[in-house]
Amino acid sequence: MRFQRPRGTQDLLPAQAQRWQRLDASMRHTLEAYGYGEIRTPVFEETQLFVRSVGSETDIVQKEMYTFNDRRGRSLTLRPEGTASVVRAYLENHLGREAGVRRFYYLGPMFRYDRPQAGRFREFFQVGAEAIGSGDPEQDIEIIDLLSMLLHDLGLKDLEVEVNSVGHPGCRQAYESELRAALERERGKLCATCGTRIEGNPLRVFDCKNEACRGVMSRLPLLRNHLCDACETHHATVLAGLARLGIPHKENPMIVRGLDYYTRTAFEVHYPPLGAQSALGGGGRYDGLVEACGGPPTPAVGFSAGIERVLFALEQTSAEAPVEPPIVVLPLGDAARVPALELARELRAVAPTAVDLSGRSLKALLRSAGRGGAHVAVILGDKEMTRAEVTVRDLLAGEQETSPRTGVTAAVQALLQRHGGEA
RNA sequence: GUGGACGUAGCUCAACCGGUAGAGCCCUUGGUUGUGGUCCAAGUGGUUGCGGGUUCAAGUCCCGUCGUCCACCCCA
């Protein structure tokens, strides 16, 4: 094998690509039903866009970006997530001039230089939605509702929605200094990584799986209990709204998302059978991001979900559908090859049709047609050619008939319909 | 980035303590001059991921490298 795909990337073969298409269609349908319109932005952006929006202290920026210089020495980066680009496009195209909330969705590849493992890739696909221009808690509810409906419409069950509030910069700052103080007191009991987290991002300590750190955790103050009145009210409204809409969820005060821009609401959706990479999606409110990107102060909320993981979760239950076309044309002999192509053109008006040009024996041709799941074989050989006929073989019933060349589409159509044809 | 497991035919996998690579499926052909999905028979297919080392001898042991998987980390 001479070449192989880059580490952490995948080839999508037809059977899987077809499932992908269905999922894609279902998600677009739901997204558009909620009033979100697709936005397509470049796959790469100026590096600084991600550094500023995602946050220079995050893992994404510090070690996971595909950054390169183009021929003029500009630093560009393959997008590691979608929100930054949407915000950039929102500002660049002056979409905020129109009053009210703008709703966008996107679907496409993202890139992170992570170490691959099950459910984690270097090129992966995300679907995401952003509602820009509303700071109301009801908008948070809509976004969470949208994500859970998106997954629900695909047939996914047993999802766990977890919600938290990380406060606004004001109450978070006050809380963080309190947290630092508490951590300093327990410093000796913490693991090495958590020791360094105290200065940089003390909230991350809550992510630690270390036994000792977990013990300390129970004695730490929770951000959840240090929200200012406004954030507290906002959070309570979100929770009440989810309950009212019948969206099962639980509060998880430990949720600390990997991007710095989140304010107030943060949430994740998990599918536990996935194992270590069980997060299907997540998101939250980012009231400061538009301003940080050079725009006017503009509140916003959004989510993103990983398509591979959704697909994987779906695989547990869904059955494989045949990919091969229901009609196959089998030319016998060189003289029949081009006429077979012509014949196939007509048959495509009835159902997807393939031509087997491998030139093997009829026995072999029929065998592969049957294996491939075709319903009808249309045989075109010397005998048929001279009589201006074709042989139409029903591969499911094992019967065949000859039909005038001119009546072939009608004959095939009748046959497919007899089988409860899908045409 | 850290730790561990693994990599043998197109696919799924075997091969003892190091002794010169095998099965099932698939594919091809024949049984049937142009009739499949069953059956019978025969056949094609391998630089054992790649590179080096130890050894009379390496799929097997050692080192490196690439890749996959698992866990950490992080998230989607």
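The sequence lines fix the lettering, A, B, ..., with proteins before strands; numbering per chain opens at 1.
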Scan A:Phe125 against the nucleic acid and name what it touches under 4.0 Å (heavy atoms): base, sugar-phosphate only, or nothing. nothing
Do A:Glu81 and A:Ser304 have side-chain N/O donor and acceptor atoms under 3.5 Å apart? no
Rounded C1' spacing from B:G52 to B:C70 in Å: 29 Å
In whole angstrom, give the distance that lies between atom CG of A:Asp11 and atom P of B:G67. 15 Å
Whole-Å gap separating P (B:G67) and CD (A:Glu123): 16 Å
Per-pair distances, 0.1 Å, donor-acceptor, side chain in residues 133-149 of chain A, under 3.5 Å, sequence neighbours excluded:
unit_1, atom_1, unit_2, atom_2, d
A:Ser134, OG, A:Asp136, N, 3.2
A:Gln139, NE2, A:Glu142, OE1, 2.9
A:Asp140, OD1, A:Arg285, NE, 2.9
A:Asp140, OD1, A:Arg285, NH2, 2.5
A:Asp140, OD2, A:His234, NE2, 2.9
A:Asp140, OD2, A:Thr265, OG1, 2.6
A:Asp140, OD2, A:Arg285, NE, 3.2
A:Glu142, OE1, A:Tyr36, OH, 2.5
A:Glu142, OE1, A:Arg103, NH1, 2.9
A:Glu142, OE2, A:Arg103, NH1, 3.1
A:Asp145, OD2, A:Tyr34, OH, 2.9
A:Ser148, OG, A:Asp145, O, 3.2

Which nucleotides of nucleotides 28-36 of chain B have their base under 4.0 Å from a protein heavy atom (B), which only their sugar-phosphate (S), and which neither (-), written as one string 5' to 3'? SSBB--BBB
When rounded to whole Å, the CD to P distance for the pair A:Glu268 and B:C74 reads 12 Å
Is it true that A:Glu130 and A:Tyr286 share a donor-acceptor pair across their side chains at a distance under 3.5 Å? yes
Heavy atoms from other residues, nucleotides or ligands near CD of A:Gln173 exceed 12 (cutoff 6.0 Å): no
note: A:Arg122, atom CZ; B:A76, atom P; distance rounded to Å ~ 18 Å
Could you pick out which residue, A:Leu280 or A:Arg7, lies toward the 5' side of RNA chain B when each is mapped onto its nearest nucleotide? A:Arg7
Separation of B:G1 P from A:Lys63 NZ (nearest whole Å): 10 Å
Rounding to the closest angstrom, what is the interatomic distance between B:U44 and B:U29 at atom P? 15 Å
Taking atom P in both B:G24 and B:C17, compute the distance separating them and give it to the nearest angstrom. 25 Å
For the side chain of A:Arg112 and the base of B:C74, is some donor closer than 3.5 Å to an acceptor across the two? no
Whether the A:Thr391 and A:Glu384 side chains hold a donor-acceptor pair (N or O, under 3.5 Å, no angle test) is what I'd like checked. yes
Whole-angstrom distance between B:C56 and B:A14, as gauged at atom P: 32 Å
Any donor-acceptor pair under 3.5 Å linking the side-chain atoms of A:Asp153 with those of A:Thr30? yes
How far, in whole Å, is B:G36 from B:C50 if one measures between their P atoms? 41 Å
Span that lies between the C1' atom of B:C11 and that of B:G45, in whole angstrom: 13 Å
Work out how far the P atom of B:C63 is from that of B:A5, and round it to whole angstrom. 11 Å
A:Tyr262 OH to B:C75 P, straight-line distance once rounded to whole Å: 10 Å
Any donor-acceptor pair under 3.5 Å from A:Arg337 side chain to A:Leu357 backbone: yes
Are A:Arg387 and A:Thr402 close enough that a side-chain donor and a side-chain acceptor fall under 3.5 Å? no
Between B:C74 (C1') and A:Phe124 (CZ): distance, integer Å: 11 Å
I'd like to know whether A:Arg88 forms a salt bridge (charged side-chain N to carboxylate O under 4.0 Å, His left out) with A:Glu45, so could you lay out the CA-CA distance, the side-chain angles of the two residues, the decisive distance to 0.1 Å, and finally the verdict. CA-CA 10 Å; A:Arg88 193 226 79 231; A:Glu45 299 269 2; 2.5 Å; yes
At under 4.0 Å between heavy atoms, what does A:Gly8 touch on the DNA or RNA strands: base, sugar-phosphate, or nothing? sugar-phosphate
Have a look at A:Arg309 and say if it touches a base, only the backbone sugar-phosphate, or nothing, with a 4.0 Å heavy-atom cut-off. base
Heavy-atom pair of closest approach, residues A:Val127 and A:Phe303: O-CE1, 4.0 Å
Do any pairs count as a salt bridge (charged side-chain N to carboxylate O under 4.0 Å, His left out) and have a residue in residues 396-409 of chain A, sequence neighbours left out, and if so which ones? A:Glu346-A:Arg405
Pairing annotation in dot-bracket form, given for RNA chain B with Watson-Crick or G-U pairs under 3.5 Å and | for cross-strand partners: (((((((..((((.....[..)))).(((((.......))))).....(((((..]....))))))))))))....
A:His168 side chain to A:Thr263 side chain, donor-acceptor N/O pair below 3.5 angstrom: no
Here the distance between atom C1' of B:A76 and atom CE of A:Met65, to the nearest Å, is 17 Å
Protein-proximity profile, nucleotides 46-51 of chain B, B/S/- by nucleotide at the 4.0 Å heavy-atom cutoff, equals ------
Over 12 foreign heavy atoms within 6.0 Å of CZ, A:Arg348: yes
Can a side-chain donor-acceptor contact be found between A:His249 and A:Glu162 if the only test is distance below 3.5 angstrom? no
Output yes when a side-chain donor or acceptor of A:Arg79 lies under 3.5 Å from a complementary backbone atom of A:Pro109, and no otherwise. yes
Please measure how far the C1' atom in B:G34 lies from the corresponding atom in B:G46, and state the result in whole Å. 36 Å
Aromatic ring pairing A:Tyr66/A:Tyr113, orientation class (parallel under 30°, perpendicular over 60°, tilted between): perpendicular
Hey, does the side chain of A:Gln4 come within less than 4.0 Å of B:C66's phosphate (OP1/OP2), counting only N and O? no
Every protein N/O lying under 3.5 Å from an N/O of nucleotides 3-11 of chain B:
unit_1, atom_1, unit_2, atom_2, d
B:G3, O6, A:Arg115, NH2, 3.0

